[in-house]
Every structure is written in structure tokens, then in C-alpha cells.
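One structure below.
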Amino acid sequence: MAVSGLATPFGFQDFPNYTEGRSAAVNKIVIHHMATTDYDSVPGIWKTREASAHYGIGQNGQIRAYVDEDNTAWHAGQWAANSSSIGIEHANTTGSPDWGIAQATIDASAKLVADIVQRYGFGKVVPYKNLFPHSEFYGTACPGQLKAKLQEIADKANDIMAGGSGNVATQSVSNGGQASQEDNRSAAIKEFQDKWKNRWALREPFRIRTCEMQYGMYQVLTDDLNVEPNSWFYNGIPTKLLEDLSDPQGRSFEDGAMVRFKNDVNFGTIDAYDANTNSIGILFTGYPDMIWFDADKFLAHA
């Protein structure tokens with residue numbers, strides 16, 4: 001078991017929404033806010049909500065452990081990011097729309113980040129290199145005010161690792177970190193963002209690998225479109241969005257069947273990107289949940 005010595009287990013893995021083990025090496029930390037002032041309500045809400053995180057920090061700086069670092073918490077909104085990251089939630093001091101964060105929470109976050117970074121050998125903490133806001137991987141307002149505090153957390157963590165107390169002056173993170181991400185966009189993501197302006201239509205057929213009942217609905221996975229490794233939570237495509245070209249009457253969706261999106265749902269918006277894995281988060285017309293795809297594969301079927 002891997003849990004920071006700074007943390008106290010609290011409701012530890014007493015919920016179903018995480019995955020045993022890891023499919024990738026840990027190379028980043030993802031910062032979240034809880035969007036609640038009720039620190040004790042987490043992680044109880046994950047018993048019914050398909051989410052989780054490894055750690056949570058309270059308004060007074062108390063650090064709690066929710067998921068073993070050796071396991072994959074469902075926090076980033078993207079399977080590849082979940083597999084390679086540790087997620088930290090931060091309790092708020094005020095509600096919407098400000099979602100305030102206490103300085104004690106930020107200071108404790110820096111200590112926890114320093115501890116994680118030292119144990120995993122990340123080197124210097126750098127925003128948008130190994131310390132990310134949740135919004136970098138998913139279309140969300142999370143982590144609220146903490147997005148502008150990434151540099152402060154990084155500076156304090158770096159000072160702690162150098163033997164200091166973390167009491168250092170800092171500035172808010174500049175747009176330079178995000179700009180460097182933009183410079184490294186793949187050709188497919190550039191086309192979606194610059195040419196298509198985040199709009200898309202998917203008309204070409206593709207082959208499904210398998211079809212199963214998952215999360216209360218029949219879904220398919222496809223190697224033709226999805227990011228690897230496939231995940232039902234992030235990459236599953238509900239069959240109600242599809243036409244079964246191999247069996248249009250029976251709609252059997254057997255393994256290996258050729259399918260395509262129905263004409264009334266085969267267009268929509270791209271609401272999230274992950275340049276690190278070259279993936280895009282799609283919102284289909286008439287379907288509320290985001291589905292993640294490999295950008296190059298998706299472009300080839302557009």
C-alpha cells in the first residue's frame with residue numbers, strides 16, 4: 001500500500017468508484033476543488049457518484065487519504081490521465097460562485113505535493129508539466145481559484161524539497177504554461193481547433209471490438225476510434241447512438257460488427273483535449289456524457 005505519511009485514511013476505499021492497480025507509471029499530480037465546504041462529505045458522495053481522488057485537504061490543512069496511490073482514482077475525466085496521476089481534492093471555504101480556498105489548505109497542498117514529487121522522483125514541480133488543474137483534462141470549471149494558485153503551490157513545494165519551510169513569495173501562474181501546451185498540439189488537434197473550430201461530424205463506419213451492458217446501458221468499445229487502453233467509463237459508446245450495419249434489423253452489435261453513428265447524433269462539439277495522450281473529449285448531440293477518442297483516429301473517420 002502507498003499512502004503519504006502526511007495523510008490520515010478517511011473512508012479509505014469504502015466506495016466502488018476506483019480501479020485496482022495502475023496501467024501507467026505515475027508522472028503527474030492533478031489539482032481539484034471539492035465544490036463544497038463540507039469536508040466530511042467526501043468521500044461518501046463517491047458511493048453513488050462515479051468519481052474519486054487519492055487525497056483531500058480540509059480548510060485547516062488536514063490531509064486525508066481516500067484511495068491507495070497504487071490504485072487508479074477516477075478524478076481527471078480521462079482514463080490515460082487517471083492512470084498516470086495522483087488526484088488531490090481541496091475543500092472550499094465559501095460556496096458558489098467564488099468557491100474560496102483557505103491559505104492553510106494551499107500550504108498543506110504544497111507539503112503533500114512535495115512529498116509525492118520526492119517519492120516519485122519528478123524533480124522540480126512545474127505547472128503544466130507535472131502539476132495540472134483538473135480543467136486541463138476535462139471541460140470543467142474545477143479547480144476554481146486553485147488554477148491561479150498552481151505556481152504558488154509549486155514554489156512552496158520546491159522550497160520545501162530544498163529544505164525550506166515553504167514560506168516563499170510567489171506569483172500566479174502565467175499563461176506561458178498553457179501556451180507551451182498549445183505549441184505541442186498534434187496535427188489532428190490543430191485541425192479540430194483551428195480549422196473545424198471544435199465542431200465535428202462523424203459519418204464513416206467503424207468496427208466494434210465488443211458490446212456489453214455497462215453502467216445501466218449497452219455500450220461498445222472500438223479500437224478504430226478509442227484511446228488505448230479502452231475504458232468503459234471513458235470510451236464506451238452507447239448503442240442507442242449507433243446503427244448496426246452488419247445487422248441493421250436485429251441490432252445485435254456482435255463482436256466485430258461494422259457500425260456508424262445515427263444521422264441525428266453524428267455531429268456536435270469537442271469540449272476537452274489532452275495533448276499528452278492526443279485525445280479529444282466529445283459531446284454528442286442529444287447525449288449528455290463526454291466520450292474520449294484518439295484525435296488521429298477520430299479525424300480519419302470524420
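Values below: every heavy atom of this structure, side chains too, minus hydrogens, waters and symmetry copies.
When only modelled atom types and interatomic distance are considered, Q103 and E152 share a side-chain donor-acceptor pair under 3.5 Å. Between the side chains of D247 and S252, at least one donor-acceptor pair of N or O atoms lies under 3.5 Å. A donor and an acceptor atom, one from each side chain of D68 and Q13, are nowhere located under 3.5 Å apart. Side-chain polar atoms of S135 and T140 form no donor-acceptor pair below 3.5 angstrom. Counting only N and O atoms by type, the side chains of D155 and Q151 include a donor and acceptor under 3.5 Å apart. Side-chain contact, T19 with W74: a donor N or O sits under 3.5 Å from an acceptor N or O. Inspection of the Q62 and Y39 side chains reveals no N or O donor paired with an N or O acceptor under 3.5 Å.
With a 4.5 Å cut-off on side-chain heavy atoms, S52 and Y66 do not count as touching. Between Y128 and E136, some side-chain heavy-atom pair lies under the 4.5 Å cut-off. L146 places none of its side-chain heavy atoms less than 4.5 Å from the side chain of P133. You'll find the side chain of E243 stays beyond 4.5 Å of the side chain of V259, heavy atoms only. Side-chain contact between I101 and I106: present, with at least one pair of heavy atoms (C-beta onward) separated by less than 4.5 Å. By the 4.5 Å heavy-atom criterion applied to side chains, S109 and L112 are not counted as neighbours. Side-chain contact between L242 and V220 is present, with heavy atoms from C-beta onward closer than 4.5 Å. Using a 4.5 Å cut-off on side-chain heavy atoms (C-beta onward), L299 and E191 make contact.
Scanning all heavy atoms of the two residues, the minimum distance from A35 to N92 falls at N-OD1, 2.8 Å. Taking every heavy atom of both residues into account, A108 and G61 meet most closely at CB-O, 3.3 Å. The minimum heavy-atom distance linking A81 with A76 is given by the pair CB-CB, 3.8 Å. The minimum heavy-atom distance linking R207 with G256 is given by the pair NH1-O, 2.7 Å.
In the displayed structure, R209 atom CZ is contacted under 6.0 Å by more than 12 heavy atoms of other residues, nucleotides or ligands. Residue K262 qualifies as enclosed at atom NZ: its count of foreign heavy atoms under 6.0 Å is above 12. Surrounding CZ of F10 are more than 12 heavy atoms belonging to other residues, nucleotides or ligands, all under 6.0 Å away. Counting non-hydrogen atoms of other residues, nucleotides and ligands closer than 6.0 Å to CZ of R49 gives a total of 12 or fewer. K297 NZ: more than 12 foreign heavy atoms inside a 6.0 Å radius. Within 6.0 Å of CD in Q118 there are more than 12 heavy atoms belonging to other residues, nucleotides or ligands.
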Could you please spell out the steps behind the side-chain contact (heavy atoms from CB on, under 4.5 Å) verdict for I116 and I88? CA-CA 11 Å; I116 294 169; I88 305 175; 4.1 Å; yes
Check the pair H75, H32 against ring pair (Phe, Tyr, Trp, His ring centres under 6.0 Å), reporting the backbone distance first and the verdict last. CA-CA 8 Å; H75 64 97; H32 306 259; 5.0 Å; yes
Show the numbers, then the answer: is there a side-chain contact (heavy atoms from CB on, under 4.5 Å) between V26 and I86? CA-CA 7 Å; V26 173; I86 291 173; 4.0 Å; yes
Go through the steps for L202 and F298 under the test side-chain contact (heavy atoms from CB on, under 4.5 Å), then give the verdict. CA-CA 8 Å; L202 195 72; F298 195 87; 3.8 Å; yes
For Y55 and V3, what are the C-alpha separation, side-chain angles and deciding distance, and is it a side-chain contact (heavy atoms from CB on, under 4.5 Å)? CA-CA 9 Å; Y55 295 102; V3 173; 4.2 Å; yes
Show the numbers, then the answer: is there a salt bridge (Lys or Arg N to Asp or Glu O under 4.0 Å) between K47 and D14? CA-CA 8 Å; K47 291 186 176 182; D14 186 25; 3.4 Å; yes
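To the nearest 0.5 angstrom, I29 atom CD1 is 6.0 Å from L131 atom CG.
Looking only at distances, a side-chain donor or acceptor of T72 sits under 3.5 Å from a matching main-chain atom of G21. A distance-only check finds no donor-acceptor pair linking the side chain of H134 to the backbone of I31 [under 3.5 Å]. Listed for the S83 side chain is no donor-acceptor partner under 3.5 Å among the backbone atoms of A24. Between the R260 side chain and the E204 main chain, no donor and acceptor come within less than 3.5 Å of each other. For the pair R22 (side chain) and S85 (backbone), a donor-acceptor distance under 3.5 Å is present. Panel note: side chain N266, backbone A201; no donor-acceptor pair is recorded below 3.5 Å. Between the side chain of E212 and the backbone N or O of Q219 there is no donor-acceptor pair closer than 3.5 Å.
Taking the six-membered ring where tryptophan is involved, the planes of F206 and F261 are tilted, since the angle between them lies from 30° to 60°. In this pair, F15 and Y18 present their aromatic rings perpendicular. The plane angle is above 60°, beyond the 30 to 60° band. Between W99 and H33, the ring planes are perpendicular. Angles over 60° get that label, and only those under 30° would be called parallel.
Linking ILVMFWY side-chain heavy atoms closer than 4.5 Å, directly or via other members, places L283 and V265 in two distinct hydrophobic clusters. A continuous path of hydrophobic side-chain contacts links I45 to V67 [ILVMFWY only; heavy atoms under 4.5 Å]. Note: the hydrophobic cluster containing F137 does not contain W79 (ILVMFWY, side chain heavy atoms under 4.5 Å, direct or indirect links). Hydrophobic cluster membership is shared by V125 and I63, with clusters built from Ile, Leu, Val, Met, Phe, Trp and Tyr side chains linked at under 4.5 angstrom. Both V117 and I57 belong to a single network of hydrophobic side chains, linked directly or stepwise wherever heavy atoms of I, L, V, M, F, W or Y lie under 4.5 Å apart.
We find that R119 and E69 are joined by a salt bridge, their nearest charged nitrogen and carboxylate oxygen being less than 4.0 Å apart. Salt bridge annotation for K156-D107: present, with a cationic side-chain nitrogen under 4.0 angstrom from a carboxylate oxygen. Ionic pairing of K111 and D115 is not present here: no N-O contact between side-chain nitrogen and carboxylate oxygen is shorter than 4.0 angstrom.
Figure legend: cation-pi geometry between R64 and F12 absent, as NZ or CZ is not positioned both under 6.0 Å from the six-membered ring centre and within 45° of its axis.
Checked against salt bridge (Lys or Arg N to Asp or Glu O under 4.0 Å), D98 has no partners two or more places apart in sequence or in another chain. Partners of N235 according to the side-chain hydrogen bond (donor to acceptor under 3.5 Å, both in side chains) rule, which considers only residues two or more places apart in sequence or in another chain, do not exist here.
A distance below 6.0 Å separates the ring centres of Y215 and F233. Taking the six-membered ring where the residue is Trp, the centroids of F293 and Y234 are separated by 6.0 Å or more.
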